[in-house]
Asks: 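This is the structure I have questions about; it appears just below.
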Amino acid sequence: MTGPELKQLRNDLSDALERKLTAADMARLCGLPETGGTDTIRRWEISGPTPAATRVLRVLAMASERYPILEKFDIFDRHDVREDDRPAKRAAFREQMRDEVRRRLG
C-alpha cells in the first residue's frame, strides 16, 4: 500500500462510516500509540505504511464498497449459497466490517 492509497482509504472509510476520519482515528485502527501515532499516519500517507499495518488496513478496507472482499473472507460465492442470497450476505458482511471499524475507534 502506498501513501496515496492510504490517504484514499481514509477517505473511503470516512464515506462508508458517514463520518470524517482523522489521522488519529487511522492511528487507532492501526493499533499505534496515542503519542506519536498521528504523526506516524501522516508520514505513512506520504511514504506508505508498514507491511503489518497494511495487512490490518486491507482487512478493514472491506468496510467500504470500493474495496474487494478478500478471497479468504469470501464465503458468498460458494456452491452452498444461493445466488439470490449473495448480495444480501455481502451487504451484511460489509456492515459487520463497518461495525468492527467503529468498535476499534471506540
Side-chain angles (χ1 to χ4, degrees):
M1 177 177 288
T2 66
E5 288 172 336
L6 175 60
K7 196 174 241 183
Q8 184 61 51
L9 175 59
R10 179 168 28 148
N11 292 331
D12 293 338
L13 287 175
S14 292
D15 291 344
L17 298 173
E18 299 176 342
R19 162 188 172 205
K20 182 81 171 145
L21 294 181
T22 65
D25 292 331
M26 293 302 286
R28 264 189 300 252
L29 290 177
C30 292
L32 297 173
E34 280 189 43
T35 306
T38 302
D39 292 332
T40 299
I41 290 295
R42 288 190 185 114
R43 278 193 308 275
W44 286 355
E45 285 183 343
I46 296 167
S47 64
T50 64
T54 297
R55 284 190 294 275
V56 170
L57 291 167
R58 284 210 170 114
V59 171
L60 296 176
M62 292 186 292
S64 170
E65 297 289 337
R66 294 188 181 124
Y67 296 86
I69 294 175
L70 298 176
E71 189 175 314
K72 65 182 174 182
F73 292 93
D74 190 358
I75 59 169
F76 316 107
D77 292 326
R78 296 185 334 200
H79 66 86
D80 59 341
V81 177
R82 288 178 3 136
E83 277 194 51
D84 294 345
D85 296 340
R86 292 176 185 177
K89 290 189 180 289
R90 280 190 197 94
F93 175 78
R94 296 237 190 235
E95 188 58 39
Q96 279 183 308
M97 293 306 300
R98 286 189 283 275
D99 289 342
E100 175 61 18
V101 171
R102 288 182 194 105
R103 185 191 68 73
R104 288 175 180 242
L105 291 173

Asks: Once you round to the nearest 0.5 Å, how far does CG of Leu17 lie from CE of Met97?
Replies: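 One finds 11.0 Å between CG of Leu17 and CE of Met97.
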
Asks: Please find the pair of heavy atoms, one from Leu9 and one from Tyr67, that lie closest to each other, and give the distance.
Replies: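 Reported closest heavy-atom pair: CA-OH, 3.4 Å.
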
Asks: Do you know which two heavy atoms are closest between Met62 and Ile69, and how far apart they sit?
Replies: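 Heavy atoms of Met62 and Ile69 come nearest at SD-CA, 3.6 Å.
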
Asks: Evaluate the side-chain proximity of Arg19 to Val101: yes if any heavy-atom separation is below 4.5 Å, no if none is.
Replies: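 The answer is no; the side chains never approach within 4.5 Å.
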
Asks: Hey, could you give me the CZ/CD distance between Arg94 and Glu65, rounded to the nearest 0.5 Å?
Replies: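 Taking CZ in Arg94 and CD in Glu65, the distance rounds to 4.5 Å.
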
Asks: Could you tell me if the side chain of Ile41 sits less than 4.5 Å from the side chain of Thr22, heavy atoms only?
Replies: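 No, their side chains stay 4.5 Å or more apart.
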
Asks: Any sub-3.5 Å donor-acceptor pair from Ser14's side-chain atoms to Leu21's backbone N or O?
Replies: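 A pair under 3.5 Å: yes.
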
Asks: Any chance you could measure Leu60, atom CG, to Arg98, atom CZ, to the nearest 0.5 Å?
Replies: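 So the gap between those two atoms works out to 13.0 Å.
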
Asks: What distance do Glu45 atom CD and Leu6 atom CG have between them, rounded to the nearest 0.5 Å?
Replies: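 Between Glu45 CD and Leu6 CG, I get 5.0 Å after rounding to 0.5 Å.
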
Asks: Nearest 0.5 Å please: distance from the CZ atom of Arg66 over to the CG atom of Leu13.
Replies: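 Those atoms lie 10.0 Å apart.
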
Asks: Where is the tightest heavy-atom contact between Arg102 and Ala16, given as atom of each residue plus distance?
Replies: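 The pair with the smallest heavy-atom distance is NH2-O, 4.4 Å.
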
Asks: Between Arg58 and Thr54, is any pair of side-chain heavy atoms under 4.5 Å apart?
Replies: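 In short, these two side chains touch, coming nearer than 4.5 Å.
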
Asks: Do Leu57 and Cys30 have side chains that approach each other closer than 4.5 Å (heavy atoms only, starting at C-beta)?
Replies: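 Of all side-chain heavy-atom pairs linking Cys30 with Leu57, at least one is under 4.5 Å.
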
Asks: From Met26 CE over to Thr40 OG1, what is the distance, rounded to the nearest 0.5 angstrom?
Replies: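 Answer rounded to 0.5 Å: 13.0 Å.
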
